[in-house]
Amino acid sequence: SCAAYSPAFNVISAAVSTMKLYIMPLASYLAPEAPLFSLILSQAPLPGIALEAFTLAAENGIERLAAMISPYLLSVQPDNIPDALALRMGGVYMKRLCGLRERRRMVMRDLVITPPYPHPPDRRCTPSDRQGVARAWMLAAAQLVWDFTPGMSSRFQEKAMAVLTIRL
């Protein structure tokens with residue numbers, strides 16, 4: 001395994017570039033079962049590596065690797081991607097990265113915007129109580145959707161909805 005040698009990511013990237021220079025079949029060396037694929041993927045969670053690793057996968061057309069790295073890029077703002085990396089990445093992968101962020105935002109909106117289905121009436125919880133909870137839910141959900149960024153932690157999301165517990 002390559003991981004035993006613990007190469008830095010810039011060494012891995014240079015190795016892949018050299019492999020291309022010598023017209024080595026990158027598709028086989030970067031196939032999901034290959035050690036180099038696993039090594040790149042293992043380094044993706046490290047600070048500052050995910051974008052470089054995604055770009056390396058993108059510029060070499062290794063879609064599976066790019067897809068597996070993309071969750072580590074949720075906190076990356078597309079307008080903060082350096083031009084040189086965006087050019088290396090190419091328009092298709094840049095679009096995919098932006099689409100991932102937008103889809104995540106839409107899914108979050110769809111999940112929280114509809115309040116939970118109200119329970120059957122009982123004497124301790126009046127219809128006005130249920131309406132109040134629904135209003136509180138909508139306010140908390142609207143605030144969460146407004147502030148939501150695809151890289152937002154689940155802890156922040158929990159805090160945003162904690163307002164409901166006060167109402168309950």
Side-chain angles (χ1 to χ4, degrees), residues 8-10 12-13 16 30 32 37-168:
F9 188 79
N10 62 340
I12 297 167
S13 182
V16 171
L30 289 172
F37 183 99
S38 299
L39 181 63
I40 294 169
L41 188 58
S42 72
Q43 292 208 3
L46 300 175
I49 302 295
L51 189 57
E52 288 283 345
F54 183 83
T55 302
L56 182 68
E59 72 184 343
N60 291 296
I62 311 299
E63 291 189 35
R64 181 99 182 258
L65 182 58
M68 292 177 78
I69 293 168
S70 63
Y72 301 111
L73 297 173
L74 292 173
S75 62
V76 174
Q77 298 287 343
D79 56 342
N80 289 339
I81 295 175
D83 292 345
L85 280 183
L87 285 171
R88 282 181 46 211
M89 190 182 302
V92 170
Y93 284 87
M94 188 68 178
K95 179 182 177 219
R96 288 179 183 174
L97 189 57
C98 292
L100 171 71
R101 293 178 56 80
E102 189 57 29
R103 281 189 307 279
R104 188 163 168 102
R105 178 184 295 280
M106 293 297 110
V107 166
M108 173 57 90
R109 186 202 66 205
D110 293 346
L111 284 173
V112 300
I113 206 69
T114 304
Y117 191 76
H119 61 77
D122 76 30
R123 58 180 160 69
R124 293 175 295 161
C125 186
T126 66
S128 68
D129 290 336
R130 288 194 303 277
Q131 285 178 343
V133 170
R135 268 194 303 276
W137 177 277
M138 291 302 289
L139 287 172
Q143 185 65 44
L144 180 60
V145 170
W146 181 262
D147 293 338
F148 182 76
T149 60
M152 181 183 287
S153 74
S154 59
R155 183 74 184 128
F156 183 85
Q157 295 169 29
E158 288 171 12
K159 280 183 175 180
M161 297 309 275
V163 172
L164 291 172
T165 59
I166 296 167
R167 179 74 176 134
L168 294 175

Can you give the donor-acceptor pairs under 3.5 Å from side chains of residues 65-77 to other protein atoms, not counting sequence neighbours?
{"from": "S70", "atom 1": "OG", "to": "A67", "atom 2": "O", "distance (Å)": "2.7"}
{"from": "Q77", "atom 1": "OE1", "to": "R101", "atom 2": "NH2", "distance (Å)": "3.3"}

(request) Answer yes or no: is there a donor N or O on one side and an acceptor on the other, between the side chain of N60 and the main chain of I62, under 3.5 Å? (result) no
(message) Rounded to the nearest 0.5 Å, what separates atom CE in M94 from atom OG1 in T55?
(response) 9.0 Å
(message) If you compare all heavy atoms of F148 against all heavy atoms of R104, which two are closest, and at what distance to 0.1 Å?
(response) CE2-O, 3.9 Å
(message) side-chain contact (heavy atoms from CB on, under 4.5 Å), that's the test. Do Q143 and L139 meet it? Break it down for me.
(response) CA-CA 6 Å; Q143 185 65 44; L139 287 172; over 6 Å; no
(request) Look up atom CD1 in I49 and atom CZ in F54, then write down how far apart they are to the nearest 0.5 Å. (result) 15.5 Å
(request) Please report the shortest heavy-atom distance between I40 and A53, naming the atom on each side. (result) CG2-CB, 4.0 Å
(message) Taking atom CZ as the centre, does R130 end up with more than 12 heavy-atom neighbours from other residues, nucleotides or ligands that are less than 6.0 angstrom away?
(response) yes
(message) I need the minimum non-hydrogen distance between L144 and M108, along with the two atoms involved.
(response) CD2-SD, 4.2 Å
(request) Decide yes or no on side-chain hydrogen bond (donor to acceptor under 3.5 Å, both in side chains) for T126 and D129, but give the supporting numbers first. (result) CA-CA 5 Å; T126 66; D129 290 336; 3.2 Å; yes
(request) Specify the closest pair of heavy atoms between F9 and L56, including all atoms of both residues, with the distance to one decimal. (result) CZ-CD2, 3.9 Å
Using atom types as modelled, flag every donor-acceptor pair under 3.5 Å from a side chain in residues 82-89 to any protein atom, sequence neighbours excluded.
{"from": "R88", "atom 1": "NE", "to": "E59", "atom 2": "OE1", "distance (Å)": "3.0"}
{"from": "R88", "atom 1": "NH2", "to": "E59", "atom 2": "OE2", "distance (Å)": "2.9"}

